[in-house]
Every structure is written in structure tokens, then in C-alpha cells.
Amino acid sequence: MWAVDGAVMLRAADTGDAPEAISALQRMKKAGERNGVAVPLAFYNMTLRACKRSRPPASADATRLLREMREHGPGPDAKTYHEVIAAYARAIEWKLAEQTFEEMKRDFRGRGPTWHPSVRVYTSLISAYGKGGQFEKASELFESLFASSHVQLDTGVYNALLSAAVNSGRYKDAAAVFERMQTEGVRRNVTTYNGMLQSLGRQRRIRDMENMSQSMQRAGVMPNETTYSVLITAHGNSGNIDRALELLHQVIIAPRLHATAVIFNSALGACVKAGNLEGTQRVLRVMETEGVRSTLVTYNTLLMEASAERDWVRATKIYKELLLSGFAPDTITLDCLCGIEKLQACREERLREEIKRAELEGIDLPEFERTCDVSDSPVGNLPVLIRALADDRELEEVPGWRGFVSDALLRVLHVNNEYAEVEDTFKYMLTSDVTRTVHTYNSLLISYEARKEWQKAGEAMTQMTSEGIVPNALTFDALIDVCEEMGQWDRATTWLEQAQAAGHFQCEDDLGVLDLHRIRSAGTAQNACARIRVEE
DNA sequence: GTAGGGTTAG
């Protein structure tokens with residue numbers, strides 16, 4: 001009776017297709033009701049596995065499913081909790097992961113003093129802490145496991161701790177974990193080495209990284225897709241585009257490996273950072289011949305290139321293609337659309353050098369100075385181009401397209417200092433019932449921040465919450481900054497407390513040096529640190 | 001039904 005939907009669900013769980021798994025579960029429940037049979041727990045867990053693997057992670061679906069299981073059965077088991085906590089880890093929801101872990105212990109307390117959470121659940125929680133940049137918490141949990149006799153520590157937990165260190169920028173700690181695996185006799189696998197390669201790459205220790213890659217293969221551990229993407233990214237970030245493309249070629253011809261979209265995205269990133277437009281086009285062509293589909297990251301990377309060139313026509317075209325491919329823009333998309341300052345500065349520096357060379361050769365290039373003067377309108381005619389998408393018939397088939405176009409327009413208008421237009425566009429969204437997102441409100445809030453309108457910012461936050469939209473770090477950042485700047489200290493503190501309760505803006509005290517890498521602005525950072533001192 | 005790992009921004 002479950003065979004057909006079970007197979008659908010299994011495939012959905014493997015590919016991370018949460019909507020597909022959820023609808024299969026719904027069909028199973030209906031069939032179960034007709035026949036008076038309850039859907040087995042295993043299928044609920046399989047659906048949660050799909051939520052965990054879904055991109056972006058379907059953490060809200062996981063929350064709903066867990067609640068449903070608690071209220072109507074089947075009661076969650078250890079596997080259920082593992083999947084839910086892992087889904088939160090992938091969604092960088094470490095606070096939720098921590099809460100759910102506590103709830104699990106409470107639920108299972110009735111099983112007697114001999115019951116202990118499995119090593120896998122601990123691994124997922126450590127991973128959640130790591131993704132949230134909470135190395136102290138990850139380390140504390142690991143050490144308590146190390147000291148206890150209930151669980152046997154395996155390669156997986158060590159790997160989770162190692163990558164927690166890397167994700168929190170604690171490279172010395174990462175190296176210590178790597179050494180400790182050796183002394184404790186824990187086997188190192190490809191994930192272990194990938195963590196170390198990433199750590200060395202982020203420190204720009206390219207030679208050490210290449211040596212580590214060699215010793216990995218000497219130890220009989222073969223590189224996988226992740227290994228290649230880490231290596232390509234590191235070479236791209238240190239400007240060695242030739243080595244990056246050579247590695248891309250290697251993985252394409254490797255018999256046991258498949259060049260994934262992530263690997264192509266790493267290579268594209270290398271080209272974009274180097275300002276190598278021909279390289280980008282070449283990689284895109286190879287990607288197409290290899291039959292690899294673009295992801296949202298691909299489009300975001302291409303947007304970075306177009307906006308660095310201030311080629312707004314191309315940026316608009318890429319944004320449209322992104323929507324036509326069925327992707328919903330994320331925070332990064334909107335940043336990339338309006339231009340990454342560092343990349344724009346690099347490109348202008350290259351142009352300046354070109355001009356210098358041209359002048360030496362007696363050629364005049366007067367039009368460049370004009371394109372560089374962006375003080376009045378930083379994104380030129382981009383608002384006009386994005387606005388034109390609202391009349392684009394091709395987009396009409398894309399679900400939610402009006403909202404996506406409006407979200408882009410809001411951000412672009414804000415960046416172009418067209419504040420009255422921001423407000424008008426937002427009002428239009430309300431009156432025409434265009435779907436709002438967290439991005440809608442973030443653009444509105446940062447534009448209020450720019451105008452120092454703290455009351456309006458507060459009202460926008462209230463309205464956002466009443467619409468059931470969950471604020472993120474950028475939302476709180478804008479609110480806290482504007483309140484602080486206008487001397488609204490109590491309000492700023494209240495927002496900061498709310499933000500921290502949601503798991504944002506946590507500083508860690510690391511050898512007396514505060515770790516502020518997740519905090520966008522100096523203002524927010526100061527505020528967060530002031531609070532920590534008070535708490536101490 | 002096998003944990004853990006990767007790409008884009010600030």
C-alpha cells in the first residue's frame with residue numbers, strides 16, 4: 001500500500017526535494033485513513049530527511065512536521081530528532097537546534113536513566129553550533145562527550161568539531177582537532193582532510209594546502225567533489241586562476257568524479273574575482289556541454305560580474321533569467337545585483353592602468369572618467385531597467401514574479417538614493433497585494449536607516465512581524481543602527497536582545513579578542529560588546 | 001535509511 005509513494009519519497013529524500021516528499025506523505029496519510037492504518041514512523045523520518053537535504057533547507061517544514069508528530073503521532077524517535085536538528089544546522093538555526101535537543105531530552109526522560117542521545121544527534125548539534133559560528137559551545141559539548149562513557153566518539157563527531165572550528169575562523173583549533181584524531185586513533189577520512197584544506201585555503205596558505213592534498217592521497221584518502229571545490233575556491237581567492245581552471249579540467253576528466261554545479265560555481269567565482277570575462281564565458285560553455293544546470297549561486301556569481309562592470313543591461317538580463325529558471329532571489333542576489341564594491345574598485349583600478357598605458361602610447365580615452373563618476377546615481381539606469389521587467393510578458397508564468405521584481409526594484413532604488421521611490425514602491429506592493437518577503441522589509445528598513453527615521457523603521461518591523469515574516473540579521477542590524485544613531489538606546493538594546501534571542505550577533509570571547517565577524521556594522525558590534533561586558 | 005564536508009556577499 002505504501003510502495004509507490006514510498007519510492008517517490010525515497011527519491012525525494014535523496015535529492016532533497018522537500019515539497020515532493022511532503023506531498024507523498026500527505027497521500028500516504030489519506031490512504032492510511034481510508035484503510036484504518038497509521039503511516040509508519042519511518043516515512044515521517046524520510047520526509048524529514050528530505051527537509052534536511054533541501055536547498056534552501058526546509059527548516060520551517062521540519063518544525064511543522066515535528067509538531068504534528070508530537071500532537072497526533074507517530075511519536076518522534078531518536079532518528080526524527082536527528083533529522084530535525086540536522087535540518088536546523090543546515091539552515092544555520094543553532095538556537096532552534098539547541099532548543100530541540102533539550103526538548104528531545106525532556107521527551108525521552110521517561111525512558112529511564114540508561115537512555116542517552118545518540119552520537120549522531122550530538123554530531124548534528126555540534127555542526128549546528130559550528131555553522132552558527134559558536135565554536136565555544138561546539139567545543140564544550142564535544143569535551144563533555146569526550147569525558148563521558150556513554151558514547152563512542154567516531155570520525156563524524158571529530159569532523160563536525162573540526163569544521164565548527166573552521167567555520168568560526170578558529171584555525172589553530174582546527175589544526176589541534178586534526179592532530180588529536182591521530183593521537184586518539186580516530187580514522188581520518190576525506191571529510192577530515194577537506195576541513196583542513198578549507199582551513200589552510202582560508203588562511204591563504206596555498207603551499208600548505210597543496211602539501212596537505214598530497215599527504216591526503218599518500219594516506220590513501222582519495223579526493224572527492226568537495227575537495228576540488230575547496231581547492232578551486234582557494235586558488236581563485238588568491239588570484240591563481242590558471243591553477244583553478246586546471247583543477248576544473250582535472251575533475252572533468254576524472255573517471256570516478258562528477259563535475260558538480262558547486263565546482264563550476266567555484267571556477268566561475270575565480271574568473272569573476274580575477275575580472276576575466278573570457279574565462280567566465282569559457283567555464284559557462286563547458287558547464288553547458290557537461291549538462292550541469294545553473295544554480296542560484298551561479299546566477300549570483302554572474303550578477304557580481306555584470307554589476308562590477310556596471311553593465312546594468314546584462315545584470316537585468318541575468319536577474320530575469322534567474323527568475324525564469326524558477327529561483328527565488330536571496331539576500332546575496334540583491335547584494336550582487338547592485339554591485340560588490342570591492343569588485344567594482346578592482347575593475348576600475350584595472351581600467352585606470354589601461355588608460356595610463358594608452359596615454360603613454362598617445363591614445364586618449366576620455367569616456368572612462370564619466371563612467372567612473374557614480375556619486376549621483378550609483379547604479380545608473382538600473383532602476384529603469386528593473387521597472388521594465390514589470391511589463392515583461394515572459395515573466396508572467398513565473399509564480400511570485402511580481403514580488404521578486406518589486407524586491408529588486410526596492411533595493412536598486414535604495415542603493416541609487418531614490419528614497420521617495422522606495423516608499424512609493426512599497427506602498428504599491430501593499431495596495432496591489434504583491435507578496436512581501438524578508439527582503440522587501442530589509443530594503444525598506446535600510447532605506448529608513450539611511451534617512452535616520454527610527455520611528456518608521458520600528459513601524460515597518462511591527463508590520464513585518466504581523467505579516468508572519470521572520471526578521472533576519474540584516475533586519476535587526478538596520479533597526480539597531482538607526483535607533484543607536486538617533487540616541488534611542490533603550491530601543492536599540494531591546495532589539496539587540498531580541499536579535500540575540502533569535503541567535504544573531506553572538507560575540508565570542510576568544511583570548512580576550514572579541515569575535516565580531518558575523519556583525520555587519522561597527523555600531524551593532526559596539527552595542528553587542530557593551531552588553532557582554534554588562535553580563536560579565 | 002549511513003554522520004560529517006563544498007560554491008556566491010558583507
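Labels below follow one simple rule: chain letters A, B, ... track the order of the sequence lines, proteins then strands, and each chain is numbered from 1.
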Please list, by residue number, the residues of [range] whose heavy atoms come closer than 4.0 Å to an atom of DNA chain B; answer none if no residue qualifies.
range	answer
residues 270-278 of chain A	A:K273
residues 288-301 of chain A	A:V297, A:N300, A:T301
residues 183-195 of chain A	A:N189, A:T191, A:N194
residues 227-243 of chain A	A:S229, A:V230, A:T233

So, under a plain 3.5 Å distance rule, would you say the side chain of [X] forms a donor-acceptor pair with the base of [N]?
X	N	value
A:R55	B:dT7	yes
A:N224	B:dG5	yes
A:T260	B:dG6	yes

With [X] via ring pair (Phe, Tyr, Trp, His ring centres under 6.0 Å) - residues at least two apart:
X	value
A:Y228	none
A:F404	none
A:Y171	none

Whole-Å distance separating the [atom1] atom of [X] from the [atom2] atom of [N]:
X	N	atom1	atom2	result
A:L153	B:dA3	CG	C1'	13 Å
A:D14	B:dA3	CG	P	10 Å
A:D477	B:dG10	CG	C1'	10 Å
A:M304	B:dG10	CE	P	7 Å
A:M181	B:dG4	CE	P	14 Å
A:R53	B:dG4	CZ	C1'	12 Å
A:N167	B:dT7	CG	P	9 Å
A:H439	B:dA9	NE2	C1'	13 Å

Scan [range] for pairs that pass salt bridge (Lys or Arg N to Asp or Glu O under 4.0 Å), counting only residues two or more places apart or in two chains.
range	result
residues 233-247 of chain A	A:E210-A:R243, A:R243-A:E246
residues 80-93 of chain A	A:K52-A:E83, A:K79-A:E83
residues 179-202 of chain A	A:E143-A:R180

Is A:D330 touching bases, backbone alone, or none of the nucleic acid, heavy atoms closer than 4.0 Å?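 It contacts nothing in the nucleic acid.
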Could you tell me whether A:I340 contacts a base, only the sugar-phosphate backbone, or nothing, with contacts defined as non-hydrogen atoms closer than 4.0 Å?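 It contacts sugar-phosphate atoms only.
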ring-ring contact (aromatic ring centres under 6.0 Å, His included) pairs, two or more places apart, involving residues 178-202 of chain A: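 For residues 178-202 of chain A, and leaving out neighbouring residues, the ring-ring contact (aromatic ring centres under 6.0 Å, His included) pairs sorted by first residue read A:F178-A:Y193.
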Side chain of [X] only, please: which of [options] is the nearest?
X	options	value
A:V262	B:dA3, B:dA9, B:dG6	B:dG6
A:Q198	B:dG4, B:dT8, B:dT7	B:dT7
A:R49	B:dT8, B:dA3, B:dT7	B:dA3
A:K131	B:dA3, B:dT7, B:dG5	B:dG5

Pairing donors with acceptors under 3.5 angstrom, does anything connect the side chains of [X] and [Y]?
X	Y	result
A:S124	A:H82	yes
A:T316	A:K320	no
A:T298	A:T295	yes
A:N194	A:N224	yes
A:S139	A:D173	no

Per the side chain to side chain contact (heavy atoms under 4.5 Å, CB included) rule, which among A:L474, A:N472, A:I480 passes with A:F476?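 So, applying the side chain to side chain contact (heavy atoms under 4.5 Å, CB included) to A:F476 and each of A:L474, A:N472, A:I480, only A:I480 qualifies.
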Would you please confirm or rule out a distance under 4.0 Å between OP1 or OP2 of B:dG5 and any side-chain N or O of A:S163?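 Answer is yes, contact under 4.0 Å.
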Does anything in residues 273-283 of chain A form a side chain to side chain donor-acceptor pair (under 3.5 Å)? List the pairs, not counting sequence neighbours.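 For residues 273-283 of chain A: A:N237-A:K273, A:T280-A:E305.
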Separation between CG of A:L162 and CD1 of A:I126, rounded to the nearest 0.5 Å: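 So the CG of A:L162 and the CD1 of A:I126 are separated by 12.0 Å.
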